[in-house]
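First up is the structure itself, then whatever we jot down about it.
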Amino acid sequence: MRYSLLNLVRQAFSGHRDWQPAWRDAAPKPSYDVIVIGGGGHGLATAYYLAKNHGIRNVALLERSWIGSGNAGRNTTIIRSNYMLPGNEPFYEWSMKLWEGLEQEVNYNSMVSQRGVLNLYHSDSQRDAAARRGNAMRMHGVDAELLDTSDVRRMYPFLDFDNARFPIHGGLLQRRGGTARHDAVVWGFARAASDLGVDIIQNCEVTGFAREGSRVVGVETTRGTIRAPKVGMAVAGNTSRVARFAGLHLPIESHVLQAFVSEAIKPFIDGVVTFGAGHFYISQSDKGGLVFGGDLDMYNSYAQRGNLPAVEDVFTSAMALMPAIGRVRLLRSWGGVMDMSMDGSPIIDHTPIPGLYLNCGWNYGGFKATPASGWCFAHLLAKDTMHPVASAYRLDRFRRGYLIDEKGVGAQPNLH
Amino acid sequence: MNDGIRLAGGLIDRKRPIALRFDGKPFSGFAGDTLASALLASGVRLFGRSFKYHRPRGLLTAGSEEPNALVELRTGARREANTRATTIELFEGLEATSQNRWPTLAFDLMAVNSLLSPFLVAGFYYKTFMWPRAWWERLYEPAIRRAAGLGRASMEEDPDTYEVAHAFCDVLVIGAGPAGLAAALAAARSGARVILCDEDFVPGGRLNAERHEIDGSPGSAWAAEVGAELRSFPDVRVMRRTTVFGVYDAGMSGARTFGALERVSDHLAVPPPGQPRQRMWKIVARRAVLAAGAIERPIVFGGNDRPGVMMASAVRTYVNRFAVTPGRRIALFTTCDDGWRTALDLASDSVPVEAIIDARVTVDPAILEAAKRQGTRTFLGSQVIDTHGSPVERITVRDRDGQLTRISIDTLAVSGGWNPTVALTTHVGGRPKWSDTLAAFVPGDLPGGMTVAGAARGAFGLAEALREGLAAGQEAAEATGHAKSANPIWRADDEARGVTAFWHVAGSTGKAFVDFQHDVTDADVALAAREGYRSAEHLKRYTTLGMATDQGKTSSVAGHAIMAAITGRSIPEVGTTTFRPPYSPVAVGAVAGIHRGRHFRPTRLTASHAWAREQGAVFVEAAQWLRAQWYPRPGEKDWLESAVREVKSVRSAVGVCDVSTLGKIDIQGADAAIFLDRVYTNMFSTLPVGRVRYGLMLREDGFVMDDGTTARLSDDHYVMSTTTTGAGKVMQHLEHARQVLWPELDVQLVSVTEQWSQYSIAGPRSRELLERLLGDAIDVGNAAFPYLACAEFTWHGLPCRLFRISFSGELAYEIAVPARHGDAAMRAIVAAGQEFGITPYGTEALGIMRVEKGHVAGNELNGTTTADDLGLGKMMSQKKDFIGRVLARRPGLADPARAVLVGIKPVDRSVRLNAGAHFLAPGAQSRLENDQGYVTSVAFSPMLGHWIGLGLLSGGRERIGERIRAHDPLRGKDTEIEVVSPCFFDPEGMRLKS
Amino acid sequence: MRIRCPFCGERDVGEFAYLGDARALRPDPGLPDAEERFYEAVYLRDNPAGPHDELWYHAFGCRTWLRVTRNTLTHEILAVAFAGPNEAKA
Amino acid sequence: MSESTLVARSGFHDLLRPAGEGRGVIVTERAELGLATVIARKGGAVALAARLKERLGVDPPAGPRRDTSNALSLMGTGPGTWLATHEQGTTPLLSALRKNVGDLAAVSDQSDGYAVLRLTGPEGREALAKLVFIDLHPGAFGVGHVACTVAGHTGITLWRLEDGPDGAIFELAVYRSFAASFWHALSASFAGQSTCDKNARVRSSFG
């Protein structure tokens, strides 16, 4: 049944008895045209666009647990396209364009909310970098504004302007940036993909690849062998584990990133604010919880949890930026496993193994990329050519030295 | 309305009445009361409004798991939202305000949502508000956000202080109920270092709330005695008002880190002088005993959320501990023997119990008899299917034959059995396991070094709890190397504990709530099941069940049970929502501690800081340092005017600048020269003693990491300088090379950054100044001390160093003196410089001069540039291996199309340049595809009289003389510029060699 | 998490800086395929889910580099040793 | 301290101010202390130790411990690395070390690089324990123990001397440029917040 106010009202009178499952909980068939491993946002978006854009509907989406159980349900829900490098900006702006209209397309309200993303700067060289970034955005037709201190004060008067260790000199604002309800993005793509015929198979863990010579021709799973001429991986933090089944060695490390939500309080933070003198970003959900995060715990980890030093670092930054939230209480913390790449940018490419395709390296920027990642990965799987906006995301760029390093920290994943 | 009244006894001090205000109205209570018990004693039944439907809500519990009675505590900058009335200790002048209602708690217009409830079902917002798209931000979402949230943040800087503290112990005992007290005592008597934490302000846990006896005396008295004995041990720390909120990872020793929050001053009007409001403890414990007790669970039935419907254990707490009865006509709805005790407690306070409704068909005859004796009506195999009135006035009971009976009451006590508090056993990955006998989750795999005792592991009997506590404390003490101690045997009973799993009254007539605060009903769970959100996590995320401020302490398991019943699965099959820190909410400020405002990070000051302040310097952050940015003079209108004056003085006479913040690394050893050859791209083994050389350092990936000068003081002794921001990174890099890459080399490294105050004395008259300043301490003549010379010498009896190096391009020296004398040395330099027209200059002037000279700095050393990009390719020695050499050969790093360092001038010399502008060919469209690079640094050149800049331009070296554009749409500028050599001033370097 | 520094004793993880995979040693630059080997050493990772040999620097302690074996699934520390033989001897 | 005509200013010189009466924590600056890092040449730790014992009577500890002879102390701060202190200041320290072990060790003067405080008083340990994340219990951090650790974002070297009339005595060295920030953190950890000077006393939060 279509989601609409009218149907909602109708159902209200019949006790909401007629709503159907949002997606079919499918059982695996022996073979498909394409298998997508990973029931997160990227995998589901890939399956959806395979069906929607390329008419490939005989698709299996395999999730080892429940869909959205990974980073799709463990992020800080920020969407933005404020990148600097030519290899990145067109991709993330394409993603932003897809966000704008996604809900109408998949008929699921994922609360895409463009209330603005503000990156603060605290020094002249940070200002210069912000200007370089903002100009790159503008040259790609993306909205960007360079704010000075008084502009920022007007937007967020409760930040620390007068007693700060690293005073706020201004910020780079993308008004089209904002947040989206992360779980709803997963469910919306799942529902739309399922409606187009995609089999969404939960509790189905991949344990190996079916091979014919050098080719990958399917996957071994906890629910048996499933065959397909093309297999795409979109498993984020588990990329190295799954790739190892195929003997692949990748420029990826898995790191834990913690995020936090406070008790619900009356909304006062309109958009997203990121601190420039420490690793910290914050927004406020439509329920009233402050949603915030910071830097990685810094060590390789597959445990979806972290330790106190990272927590203290985040909260110290929170107090430095917003002394007014000192008495607001942290309600819950969680950790996601990030597929950190060696230059901080993603990989959407063939692998050296015929039949196996790779989508990984999202660092902690994966959520905002969800629609474009699916769009471009579907394109690669369907056409065997890289999509123009993702053409820089090659696997061999590390060997060849064509890195996409926004931060300039080199092959040190935990610093990206 | 005054139906709640004080009884005799209890743990309150009637000699100490305390005045308070709630919603502006005056009330009073006694020391020992919570806000909840004091208001209840004054007849208050309505405490708050629910999140979505704004339903009127009263007290459900008497503890930190309270989902309903949340208030704004205190006012102004100290206002604290969502504070549980059940945990607030009374203090004189306490002010609390109800929240999430308008205009008043009793009359809340938002309650209209209740009428809309048929539409506002779980996830309704996912199905609508999509058309037209633009209305989301303009109309729908603003409306949702206006309704969102519970209490309000203060919106002012928190006036109170916080601190983070550390503690170590052998045994950490979490919870000071019977099991915890027993464990702590056993461990303490064995001589172990013990920390006992309890969230309450009176140790004892349920002992203070029940009428248990231990060794014939009241449980609360026993708890007080044990507490007193514990305090008598020097190595025991009893921490009241302290919640252990998180369990973190351990080390090889088994010692594990725990996070705890001590509410130091929350029970006072304001913190005492010098005391923090709260203190976060990082506790390292070799062993831990979890004795966190259990939480009684509600039953989901029609109208179970009305004020006056309260947990049976809470009723006993208010009666026994706070000596106040929640009502005069009380009924009990239970599924376990434990609930019946409520009736006995009330009876002995001559509060009649109208009826006991038990969902079980058979119960222990003994308790049935006891109840009958008091003339209480009992309904077995029966259920409450609806309640009426607000506060509740009447309940509808359905007995086992389906007969409906209406009973007039003012309070309904509910007991659905108990859930062990297992949260802390799951923080590091353990999963609770389901117990059919207890119909509850009990601890599964435990964090290493942790044992669980008492109700927290399902041992609900008092005698059991004491036995387990003793055993656990003893075992933990022995495990940490302490002898067995003589342990007491306490006399106590194991009361009847029969329980039958019963979660949900099917066929209730009224709304039946699972999650009270978030208004999640049994119908919402059914809807989630219907729509396929069937795993515990999907259920939680779709309905928000368990996501309220109580984190599902009273709701999660019931929700899973209902989902299990609907989908024909067992409760564990539905899944368990893993618990994550914090166990109960923690204030942001407490975790930040003292690192606030200007103390967010340390501030590093050079020895000349006080002097610079006297000169009126403006300071700028450089990494953690503060450096003088410029020295304004009267009449100068802005920083540029000051900086220009400083530059002119340096270039025409002499200036002094504190360069102490640059990193200085002492490098000694027979292989120091070889070591430097390997970490720098260029040669240092060939550097003669008494000479300095500029060095370039790469990362192993071939990109530039840092640069600086290194001086050779003797054959086996060099001193390296790094950039200010790179110092720490370089030291770590060099230690890695020394310890891990080439351990065979004889090299010793140590940072001497802080040992030396180093001042750059630059300008045509710097030599004269130094001659005057240093006299015959050292010959600074061009012959004896040419460009790039260095020497150690004695001045005023101090070991000093002199380097003839120049960042400004002028004849310049850097003198290093021991930092204790840095202040005096700066004053001496300036005094001696007066007759030569010395001018102190700051980082702005330094920046201008380095751009005039085309020297690279932070904006060019950005981690993505190669030596060749910066025009330093010739420094890549062909004669040796060095870090970064091999990967610098990759095609991407040698691509002729790479952007390389160039200088730029505006064609119209009056135009100002801006860093961050991008390079575009004339006539090219403003598109990313046409991007040719960008402006890295700009400066107004006093020597040239116009703005100049440095930039990274694609193929730039072949484009000198070309006219292109600095495109800056962000600032609405597009400037025609001329590409020139990066060195604008004295390219031959005549001045620095003069 | 607490790491037992062989010199300082067991300390909070906050005192240490993390580099990563300890098996990524610097190849011999003289080898004919040096560029490929350096690429692998600098960019490719085993990234195992389980025991992992990694380099930590005791930045706020004795400033030695440590080779730590740690389970990336459980954060359990299995072994710690000085990364450099000199430190082990000293 | 040097007899130079260029006036010396110690790291804490203008920070420690007299405080009101009280017991608790007593802080004094050790401005006169000479300091140097001593790092053994490659593989030379054993020879160095023997030479130090023979010529100067100090036995450089292999671990984080302190050994003293007359005015000279050596504290283990890392493998083959020591922080040497001398009660009479820089000149005697450096001449003793350079003359006797200059060939076996890299010696670097740090007398100006560090600022050193002495902390004692019945509640000194508790105040310090708030700031450092190591176990200062007498059984865990005994007399002669040394620790390089962090205190409120600032690296410190901490050591414990023989107990004095006011209880346990700790000394700690911080890099000079951090003195002001470190003093803020340290004084904040004495609730009561009063800074103090030689022989002045601070009431601490613990009592």
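Only heavy atoms go into these numbers, but all of them, side chains included; no hydrogens, no water, no symmetry mates. A note on names: the letters A, B, ... follow the listed sequences, proteins ahead of strands, and every chain is numbered from 1. The structure presented is a predicted model; accordingly, all values stated were derived computationally and were not measured.
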Distance-minimising heavy-atom pair for C:Cys62 and D:Gly78: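 C:Cys62 and D:Gly78 have their closest heavy atoms at CB-CA, 3.8 Å.
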D:Arg125 CZ: over 12 foreign heavy atoms closer than 6.0 Å: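 Yes.
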D:Glu162, CD atom: more than 12 neighbouring heavy atoms under 6.0 Å: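 Atom CD in D:Glu162 is not packed in, count stays at 12 or less.
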Return the [atom1] to [atom2] distance between [X] and [Y], rounded to the nearest 0.5 Å.
| X | Y | atom1 | atom2 | answer |
| --- | --- | --- | --- | --- |
| D:Ile156 | C:Phe60 | CD1 | CZ | 11.0 Å |
| C:His58 | D:Cys148 | NE2 | SG | 8.0 Å |
| D:Ile134 | C:Glu15 | CD1 | CD | 8.0 Å |

Min side-chain heavy-atom separation D:Phe133-C:Arg2 under 4.5 Å: yes
Side-chain touch C:Thr64/D:Pro79, heavy atoms, less than 4.5 angstrom: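 Answer yes - side chains close enough.
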Contacting moiety of [X], where chain C heavy atoms sit under 4.5 Å:
| X | result |
| --- | --- |
| D:His153 | backbone |
| D:Ala147 | both |
| D:Thr81 | neither |

